[in-house]
Amino acid sequence: MVHQQRSEAHLSPSSDTEDIVSVLAPRLAHFAGVARTEHVTRAAQEMQVPQSTLSRAMVRLEQDLGVDLFARRGRTVSLTPAGRTFLGSVERALAEIARAAEEVRADADPATGKVAFGFLHTMGSETVPGLIRAFRVDHPRVRFSLVQNYGEAMIERLRAGELDLCLTSPVPDAPDLVARRLDEQKLRLVVPADHRLASRKRVRLAEAADETFVTLEPGYGLRRITDDLCRQAGFKPRIAFEGEEAETLRGLVAAGLGVALLPPPAVPRPGVAELTVTAPRAAREIGVAWLSGHPDTPPVAAFKRFLLSRRGRLLPD
């Protein structure tokens with residue numbers, strides 16, 4: 001099938017895609033309206049635009065494409081074969097735009113919108129479910145997209161626009177982020193139940209200087225805190241195993257494969273003893289972070305206010 005070519009100036013085939021889209025996009029809805037009614041006057045009335053504006057837009061669209069889209073008979077028009085081909089893609093594109101617009105409007109709805117919320121693995125079993133349950137007392141239909149990850153990965157997703165807020169530790173300090181300290185969580189030295197220190201309630205970290213440690217992988221906030229606390233205690237930990245989740249590390253400790261500095265478990269784990277560290281002070285700060293200057297939708301703003309209101313009582317007792 002051969003499409004009739006127009007002689008007027010138009011976009012060349014080598015034009016950048018962005019250039020083509022920027023030129024054509026404003027005229028697509030007008031084209032679809034004229035194609036649907038096959039009448040310029042009726043289309044102008046339905047779309048509430050001047051008929052002259054609509055006519056000029058169709059002429060310019062054909063000029064930009066270099067193809068006749070309509071056969072004209074007065075104010076009545078009919079699609080050419082090229083016009084029918086173009087219309088199918090235009091209708092799909094406009095439907096996708098409408099779907100996307102509806103999705104972002106729904107996500108921003110104060111009552112039923114969505115919050116993309118990131119948090120540390122160690123907060124997934126108890127802290128975060130409790131927070132969301134408490135928040136939904138006053139916001140029962142707000143939806144959540146939940147992401148569990150380590151701190152640096154969450155900050156990357158925050159910067160990429162994939163998260164609205166994240167709970168992390170240590171509390172980040174960066175010019176493009178806003179971060180607020182919410183609470184503090186004490187860390188314990190976890191040892192096997194038959195360990196020489198297991199009968200103790202309190203211990204100085206220096207007493208574990210000769211032990212083998214199991215830790216989270218480099219890049220995790222808790223790993224940095226562990227390395228820093230051991231340095232303060234005067235030693236560099238000997239690392240036997242590195243993992244991605246605190247409860248996996250507890251299992252390794254229970255199996256007698258080392259000791260670990262960990263936050264309290266959601267439920268007691270058999271096979272280990274958890275000792276209070278008296279020196280240095282073993283704790284990690286928990287904070288909420290978001291992108292500086294990033295506008296909040298109403299549900300995100302509401303959840304942010306809720307988190308800030310929990311300062312000092314974020315974590316379960």
Side-chain angles (χ1 to χ4, degrees), residues 1-116 139-145 160-164 291 293-303:
M1 184 179 294
V2 178
H3 295 161
Q4 181 179 350
Q5 299 293 313
R6 300 181 64 89
S7 60
E8 294 90 338
H10 55 80
L11 287 167
S12 69
S14 62
S15 298
D16 289 342
T17 299
E18 290 186 2
D19 293 339
I20 296 172
V21 171
S22 66
V23 169
L24 299 184
R27 305 189 185 109
L28 297 185
H30 289 165
F31 165 74
V34 174
R36 183 178 62 253
T37 62
E38 296 189 330
H39 199 283
V40 177
T41 301
R42 284 201 297 271
Q45 291 171 345
E46 287 184 6
M47 289 185 284
Q48 298 181 346
V49 297
Q51 180 179 319
S52 59
T53 299
L54 193 58
S55 296
R56 286 196 300 271
M58 294 304 94
V59 171
R60 287 294 305 277
L61 178 60
E62 290 177 314
Q63 290 175 346
D64 290 332
L65 290 172
V67 176
D68 285 316
L69 300 174
F70 297 103
R72 292 166 173 79
R73 300 178 187 86
R75 293 195 177 103
T76 300
V77 296
S78 60
L79 287 169
T80 64
R84 284 194 293 273
T85 299
F86 192 55
L87 177 62
S89 295
V90 167
E91 288 179 332
R92 288 191 294 273
L94 293 175
E96 181 63 17
I97 291 170
R99 184 203 62 77
E102 179 57 31
E103 182 177 341
V104 296
R105 283 197 295 263
D107 287 349
D109 185 274
T112 62
K114 185 174 73 173
V115 179
H139 304 83
R141 294 191 293 160
V142 167
R143 296 169 290 124
F144 283 84
S145 173
E162 299 173 9
L163 292 176
D164 298 309
L291 274 181
H294 194 276
D296 292 331
T297 63
V300 171
F303 190 57

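Any value given below was found using the heavy atoms of this structure, including those in side chains, with hydrogens, waters and symmetry copies removed.
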Test of understanding: with salt bridge (charged side-chain N to carboxylate O under 4.0 Å, His left out), list the residues that count as partners of [X], not counting sequence neighbours.
X: Arg143; result: Asp107
X: Arg105; result: Glu102
X: Glu38; result: none
X: Arg92; result: none

Under the ring pair (Phe, Tyr, Trp, His ring centres under 6.0 Å) rule, what pairs show up with a residue in [range], not counting sequence neighbours?
range: residues 89-114; result: none
range: residues 40-61; result: none
range: residues 32-52; result: none

Test of understanding: with ring pair (Phe, Tyr, Trp, His ring centres under 6.0 Å), list the residues that count as partners of His30, not counting sequence neighbours. none
Test side chain to side chain contact (heavy atoms under 4.5 Å, CB included) applied to [X] - qualifying residues, sequence neighbours left out:
X: Arg99; result: Glu96, Glu103
X: Glu162; result: Arg157, Ala160
X: Pro50; result: Ser52, Thr53

Excluding sequence neighbours, so at least two apart, what forms side chain to side chain donor-acceptor pair (under 3.5 Å) with Arg36? Glu46
